[in-house]
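Here is the structure we will look at, set down as structure tokens.
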Amino acid sequence: MSGRPPVEIDTSRPHPARMYDWYLGGKDNYPVDEAMGRQMLALDPRVPVMARVNRAFMHRSTRWLARNGVRQFLDIGTGIPTEPNLHQIAQEVAPDARVVYCDNDPIVLAHAAALLRGTPEGRTEYLQADVRDPDAVMEGARKVLDLGRPVALSLIALLHFVPDEDGAHDLVRRLTAELSSGSYLVLTHATADFTPEESKAATEKLRAAGVTLALRSREEFTRFFDGFDLVDPGVEVPHQWHPELGDPVPGQDDGVIPGYGAVARKV
């Protein structure tokens with residue numbers, strides 16, 4: 001990490017990774033992120049619960065993948081480190097697991113050292129890149145991961161910040177094109193299916209602050225898995241995906257959590 005240029009953080013407008021950190025009770029955020037976060041809470045007080053539900057889904061899906069033989073993970077949209085991180089879950093099951101984290105927010109880079117404390121048997125690396133540049137992402141991942149062997153590609157709470165104009169579905173196809181048969185795609189995504197009015201208001205507030213929110217329907221979400229076989233139970237609200245694997249979130253059963261999650265295997 002020593003050869004990297006100084007990190008420059010734009011604190012003039014909110015950033016999803018820092019807002020997510022605020023929802024989780026972290027301290028690596030700024031007043032602009034908290035202010036926007038409070039506006040989101042005014043629209044739906046369950047927003048912090050949604051953030052924790054997404055995090056718990058990552059824990060359970062990673063645990064499931066590691067128990068089912070996956071030893072390589074590519075996590076795009078990593079966010080600010082919040083323990084346990086993905087590599088800690090994976091390496092608890094499989095100490096030799098390899099994990100590449102990827103994010104485009106400089107504040108994540110500033111804390112990346114916390115993401116590199118893995119087991120001696122395994123390997124963890126951090127890549128500063130944007131999901132909108134899949135060639136750069138895969139070039140960096142290729143230096144650590146063997147793409148001829150199964151890889152779990154994780155995009156947790158990320159794609160709803162990638163609008164259709166940026167070709168969200170095409171980006172996923174490009175990212176998964178190089179993955180071998182037996183690889184997995186892991187996604188969660190916010191939706192307006194359950195709360196259309198609140199979702200519309202949230203989208204407009206975020207757009208005014210320079211943050212694009214692309215809330216997709218169940219059908220649009222499921223399209224990301226074209227060419228993959230969905231793991232049972234298929235597309236679910238995130239907290240109902242294999243709850244027996246642990247990490248319950250207080251408050252998650254207070255009505256429907258407006259999002260979807262799924263894991264699917266490349267055929």
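Interatomic distance, NE2 of H189 versus OH of Y260, reported as 11.0 Å (0.5 Å rounding). Interatomic distance, CG of L245 versus OG of S61, reported as 9.0 Å (0.5 Å rounding). L155 CG to F161 CZ: the interatomic distance, rounded to the nearest 0.5 Å, is 13.0 Å. In this structure, L43 CG and R38 CZ are separated by 14.0 Å, a value rounded to the nearest 0.5 Å. Atom CZ in R63 sits 9.5 Å away from atom CE in M58 (nearest 0.5 Å). Distance check: Q39 CD to E34 CD gives 11.5 Å after rounding to the nearest 0.5 Å.
Looking at R123, its side chain never comes within 3.5 Å of a backbone N or O of A97 through a donor-acceptor pair. Using a distance-only test at 3.5 Å, with no hydrogens or angles considered, no donor-acceptor pair links the side chain of K266 to the main chain of L185. Here the side chain of D166 pairs no donor or acceptor atom with the backbone of A168 at under 3.5 angstrom. The closest donor-acceptor contact from the side chain of T176 to the backbone of R174 lies at 3.5 Å or more, if one exists at all. Remark: the backbone N or O of P84 is paired with a side-chain donor or acceptor of R55 at under 3.5 angstrom. With Q72 contributing its side chain and D146 its backbone, the two residues share a donor-acceptor pair below 3.5 Å. Of the possible donor and acceptor atoms, one in the side chain of R60 sits under 3.5 Å from a partner among the backbone N and O of H242. In this structure a side-chain-to-backbone donor-acceptor pair under 3.5 Å is present from D103 to T78. Of the possible donor and acceptor atoms, one in the side chain of R218 sits under 3.5 Å from a partner among the backbone N and O of V235. A donor-acceptor pair is defined here as one N or O able to donate and one able to accept, closer than 3.5 Å; such a pair exists between the side chain of S183 and the backbone of V151.
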Go through the steps to decide whether E198 and K200 satisfy the test salt bridge (Lys or Arg N to Asp or Glu O under 4.0 Å), and finish with yes or no.
-> CA-CA 5 Å; E198 295 89 338; K200 181 181 178 182; over 6 Å; no
Carefully, step by step, assess R142 and E178 under the rule salt bridge (Lys or Arg N to Asp or Glu O under 4.0 Å). CA-CA 10 Å; R142 203 177 294 115; E178 293 187 51; 2.7 Å; yes
Chi angles and distances behind the side-chain contact (heavy atoms from CB on, under 4.5 Å) call for N85, Q88:
CA-CA 5 Å; N85 295 302; Q88 293 167 310; 3.7 Å; yes
Would D33 and Y20 satisfy side chain to side chain donor-acceptor pair (under 3.5 Å), going step by step from the backbone distance to the final call?
CA-CA 9 Å; D33 306 304; Y20 194 75; over 6 Å; no
Take D96 and R71 through the salt bridge (Lys or Arg N to Asp or Glu O under 4.0 Å) test and state the conclusion after the steps. CA-CA 7 Å; D96 61 338; R71 296 295 178 266; 3.7 Å; yes
- Message: For a side chain to side chain donor-acceptor pair (under 3.5 Å) check, start with the C-alpha distance between T188 and N54, then their side-chain angles and the critical distance, and finish with the verdict.
- Response: CA-CA 7 Å; T188 64; N54 273 289; 2.5 Å; yes
Query raised in the report: Could you walk me through whether L206 and M40 pass the side-chain contact (heavy atoms from CB on, under 4.5 Å) check?
Result: CA-CA 9 Å; L206 287 168; M40 296 299 102; 4.1 Å; yes
TODO: Give the intermediate values and the outcome of side chain to side chain donor-acceptor pair (under 3.5 Å) for residues H160 and R216.
DONE: CA-CA 7 Å; H160 48 241; R216 295 185 171 92; over 6 Å; no
- Message: For a side-chain contact (heavy atoms from CB on, under 4.5 Å) check, start with the C-alpha distance between I76 and L74, then their side-chain angles and the critical distance, and finish with the verdict.
- Response: CA-CA 6 Å; I76 305 177; L74 173 56; 4.1 Å; yes
Notebook entry, point to check: What do the steps show when you test L175 against V137 for side-chain contact (heavy atoms from CB on, under 4.5 Å), and what is the final call?
Noted result: CA-CA 8 Å; L175 289 166; V137 172; 4.1 Å; yes
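When all heavy atoms are compared, the tightest approach of Q91 to T119 is OE1-N, 2.9 Å. Closest of all the heavy-atom pairs between Q128 and L109 is OE1-CB, 3.3 Å. Residue H15 comes nearest to A17 through the heavy atom pair ND1-N, 3.0 Å, listed as atom of the first residue, atom of the second, then distance. Annotation for L147 and M138: closest pair CD1-CE, 3.9 Å, computed over non-hydrogen atoms. Closest heavy-atom contact between P150 and S181: CG-O, 4.2 Å. Nearest heavy atom pair, residue D193 against residue P196, reads O-CD, 4.4 Å.
Of the candidates I89, V99, V93, I89 is the only one forming a side-chain contact (heavy atoms from CB on, under 4.5 Å) with T62.
When the side chains of ILVMFWY residues are joined at heavy-atom separations under 4.5 Å, either directly or via intervening members, L24 and I80 end up in two distinct hydrophobic clusters.
Atom CZ of R13 has 12 or fewer heavy atoms from other residues, nucleotides or ligands within 6.0 Å. Dense packing is recorded around CD of E121, with more than 12 heavy atoms of other residues, nucleotides or ligands lying under 6.0 Å away.
Using a 4.5 Å heavy-atom cutoff, the side chains of T191 and L215 are not in contact. V144 is listed as a side-chain neighbour of R98, based on a closest heavy-atom distance under 4.5 Å. Within the 4.5 Å cutoff, side-chain heavy atoms of I9 are placed close to those of Y30.
Taking the ring pair (Phe, Tyr, Trp, His ring centres under 6.0 Å) definition, one finds that Y101 meets it with H87, sequence neighbours left out. In this structure, Y23 has no ring pair (Phe, Tyr, Trp, His ring centres under 6.0 Å) partners at least two apart in sequence or on a different chain.
Looking at D21 and R18, no side-chain N of the basic residue comes within less than 4.0 Å of a carboxylate O on the acidic one, giving no salt bridge.
Residue pairs that meet the ring-ring contact (aromatic ring centres under 6.0 Å, His included) test with at least one member in residues 162-186, sequence neighbours left out, are W64-Y184, H169-F224.
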